[in-house]
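Notes to accompany the following structure.
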Amino acid sequence: MASTEKKQIPGTINFDGPMATKGYALNKMCYSFNDAANREAFKADEAGYCDQFGLTPAQKEAILRRDVLALLREGGSIYYLAKFTGLLGLNMQDIGGLQTGMTTEEFKAYLDSQGRGKQHG
């Protein structure tokens with residue numbers, strides 16, 4: 001008999017259907033950053049730009065505070081949040097460090113120790 005319980009991995013935020021619904025406006029806004037004009041509009045009036053997309057107060061606050069972990073809890077998809085974090089000069093290794101409680105350098109060292117930090121080709 002198959003279990004219908006959600007598998008929860010300690011310390012992770014599951015991005016499932018309800019989270020996708022919760023984060024729809026946030027992710028839509030982050031997707032808009034593919035366009036350079038939208039990135040500039042955001043930089044010119046961050047709060048107003050958030051309002052255009054109908055972000056919740058918690059999402060807007062997390063954007064303005066640059067709180068990536070709160071954005072994940074508010075329904076942000078890491079794939080769309082990468083557009084936002086790019087505006088901040090952060091890359092995926094920086095985010096990995098945030099998620100694991102490590103510094104970026106510690107996270108890079110961990111990846112290297114696991115054979116995942118360097119491109120092979």
Hey, what do you get for [atom1] ([X]) to [atom2] ([Y]), rounding to the nearest 0.5 Å?
| X | Y | atom1 | atom2 | answer |
| --- | --- | --- | --- | --- |
| M19 | L72 | CE | CG | 7.5 Å |
| D35 | E40 | CG | CD | 10.5 Å |
| L81 | L71 | CG | CG | 5.5 Å |
| F107 | M92 | CZ | CE | 8.5 Å |
| I13 | R73 | CD1 | CZ | 5.5 Å |
| T85 | I95 | OG1 | CD1 | 3.5 Å |

Q. So, K60 and E74, do they make that salt bridge, N to O below 4.0 Å?
A. no
Between [Y] and [X], is there a side-chain heavy-atom distance shorter than 4.5 Å?
| X | Y | result |
| --- | --- | --- |
| D67 | L69 | yes |
| Q59 | C50 | no |
| T56 | E61 | no |

Hydrophobic clustering (ILVMFWY, side-chain heavy atoms < 4.5 Å, transitive) - are [Y] and [X] grouped together?
| X | Y | answer |
| --- | --- | --- |
| Y79 | V68 | yes |
| L26 | L87 | yes |
| I63 | F15 | yes |
| L88 | Y31 | no |
| L90 | F84 | yes |

Q) Is the side chain of E106 donor-acceptor paired with the backbone N or O of T103 at a distance under 3.5 Å, no angle test? A)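 Side chain of E106 to backbone of T103: a pair is present.
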Q | F53 CZ: over 12 foreign heavy atoms closer than 6.0 Å | A | yes
Q.
Can you confirm whether more than 12 heavy atoms, excluding those of Y80, are under 6.0 Å from its OH atom?
A.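 Open: at most 12 neighbouring heavy atoms sit under 6.0 Å from OH of Y80.
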Q: Please check if any side-chain donor atom of S77 sits under 3.5 Å from a side-chain acceptor atom of N27, or the reverse.
A: no
Q: Using distance alone, with no hydrogens and no angle criterion, decide if Y49 and S32 have a side-chain donor and acceptor under 3.5 Å apart.
A: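 Checked: Y49/S32 side chains pair up, N/O donor to acceptor below 3.5 Å.
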Q. Closest approach of A70 and R65, non-hydrogen atoms and distance?
A.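 Smallest heavy-atom distance, with atoms named: CB-NH2, 4.0 Å.
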